[in-house]
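Worksheet for the structure shown next.
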Amino acid sequence: MEPGLLFAIYAIILLAVSIAGAYLPQIGKLKDDRAHLMIALSAGIFLGLLMFILLPEALEESEEGGIDTHYAMMMVALGFVLILIFNAIFKHQHHEHCGCHEDEHSHELVSISTFIGLAIHAACDGLALAAVFMSGEEMGLMATIGLCIHKFVELFSLSSTMALTDIDKKKAMTRLGLFALITPIAGALFFLLFSDMEVEGTLGLPLAFAGGTLMYVTMCDLIPEAFHREEKDFKSLALLLIGVGIMVALALLFPHSH
């Protein structure tokens, strides 16, 4: 299948899953322990993508393009730190705005500042998805599965939180719908921008930056949330290791070659 068409299909699936996550709180409730186990599996998939596919690919591309790998690692750090800064700024502004307790809802989509911060985060998720897809269609499929889990739980949480506020339901669903669009649209734009580049090594630095953003999502969002409930630690660990194991197996079965 044509890579562009395949990526479009993945993006549509991701959007559909995100919308489902936003809509389901209106008709049912996802148990907290199941949500955390889903996050643990997603964290394992993302960790495997990062360590065995995205970062090695970024370094290999950089070397082929004559770029010092130290610069590639700087781009990794830049991607990580930028998301860290944006999240810190908008999280601080959000808590000043609503006066809520930090642990009440870490992913609330109420204020405009919080929406902007989460939008930047979501756009970088799309960047990472496109980067992994360009390193191999099989890996792109696993990235899509991991991101679907992540986005489903995220949108479900956001929708559940907004249902407890005085925001009009129609307005809330409009915001959630716009938020759900960000990752697939950003991924599609990044894919269109870089997929036709023919110069070897061109993708090294963008891949490294995407690796940094995915590192933040994995290390600072998913893993802490997966182990947020101590009584579920061993189940979460098992699912995280399963996710990593899946990516190890895929990396061995479908080694990338230039």
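Note that this is a predicted model, so its numbers are computed, not measured.
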* Under a 4.5 Å cut-off applied to non-hydrogen side-chain atoms, are Leu82 and Phe209 in contact? -> yes
* Asked: In Å and rounded to the nearest 0.5 Å, what is the CG to CD1 distance from Leu50 to Ile45?
  -> 13.5 Å
* Atom of Ala186, atom of Ala123 and distance for their closest heavy-atom approach -> CB-O, 3.5 Å
* Asked: If you round to the nearest 0.5 Å, how far is CD1 of Ile149 from OG1 of Thr144?
  -> 11.0 Å
* Could you note down all residue pairs passing ring pair (Phe, Tyr, Trp, His ring centres under 6.0 Å) where residues 44-71 supplies at least one of them, sequence neighbours left out? => none
* Asked: Taking only residues two or more places apart in sequence, or in another chain, which ones meet Tyr10 in a ring pair (Phe, Tyr, Trp, His ring centres under 6.0 Å)?
  -> Phe133
* After noting the C-alpha distance and the side-chain angles of Met73 and Leu59, does the key distance pass the side chain to side chain contact (heavy atoms under 4.5 Å, CB included) rule? -> CA-CA 8 Å; Met73 294 308 297; Leu59 294 177; 3.9 Å; yes
* Which residue pairs satisfy the side-chain hydrogen bond (donor to acceptor under 3.5 Å, both in side chains) criterion with at least one member in residues 242-253, sequence neighbours excluded? -> none
* Report yes if some heavy atom in the side chain of Phe227 is under 4.5 Å from a heavy atom in the side chain of Leu237; otherwise report no. => yes
* Heavy-atom pair of closest approach, residues Ser62 and Ala72 -> OG-CB, 3.5 Å
* Asked: Who are the side chain to side chain contact (heavy atoms under 4.5 Å, CB included) partners of Ile19, not counting sequence neighbours?
  -> Leu15, Ala180
* Asked: Say you draw a straight line from CG of Leu239 to CD1 of Ile242; how long is it, rounded to the nearest 0.5 Å?
  -> 5.0 Å
* Asked: Where do Ile223 and Ala43 come nearest, in terms of heavy atoms and distance?
  -> CG1-CB, 4.0 Å
* Report yes if some heavy atom in the side chain of Asp125 is under 4.5 Å from a heavy atom in the side chain of Thr213; otherwise report no. => no
* Could you name each residue pair satisfying side-chain hydrogen bond (donor to acceptor under 3.5 Å, both in side chains) that touches residues 181-192, not counting sequence neighbours? => Lys151-Thr183
* Structure fact -> On a heavy-atom basis, the closest approach of Phe191 and Gly4 is CE2-CA, 3.6 Å
* Cluster question for you: counting only ILVMFWY and a side-chain heavy-atom cut-off of under 4.5 Å, with indirect links fine, are Phe179 and Ile12 together? -> no
* Asked: Stepwise, does the side chain to side chain contact (heavy atoms under 4.5 Å, CB included) test hold for Leu129 with Phe7?
  -> CA-CA 10 Å; Leu129 175 62; Phe7 185 84; 4.2 Å; yes
* Structure fact -> Leu47 meets the side chain to side chain contact (heavy atoms under 4.5 Å, CB included) criterion, sequence neighbours left out, with Met51, Thr218, Met219, Leu240, Val244
* To the nearest 0.5 Å, what is the distance between OG (Ser236) and CG (Leu241)? -> 10.5 Å
* To do: Could I get the full list of side chain to side chain contact (heavy atoms under 4.5 Å, CB included) partners for Leu189, not counting sequence neighbours?
  => Ile185
* Structure fact -> CE (Met75) and CD1 (Ile67) are apart, to the nearest 0.5 Å, by 9.5 Å
* **Distance (rounded to the nearest 0.5 Å) between Ile145 CD1 and Leu41 CG** => 9.5 Å
* Asked: Which residues pass the side chain to side chain contact (heavy atoms under 4.5 Å, CB included) test with Ala11, sequence neighbours left out?
  -> Pro184
* To do: Identify, with sequence neighbours excluded, every residue that meets ring pair (Phe, Tyr, Trp, His ring centres under 6.0 Å) alongside Phe80.
  => Tyr216
* Structure fact -> Minimal heavy-atom distance between Pro224 and Cys220, with the atoms involved, is CG-O, 3.6 Å
* **Over all atoms of both residues, closest heavy-atom pair of Gly187 and Ala130** => O-CB, 3.5 Å
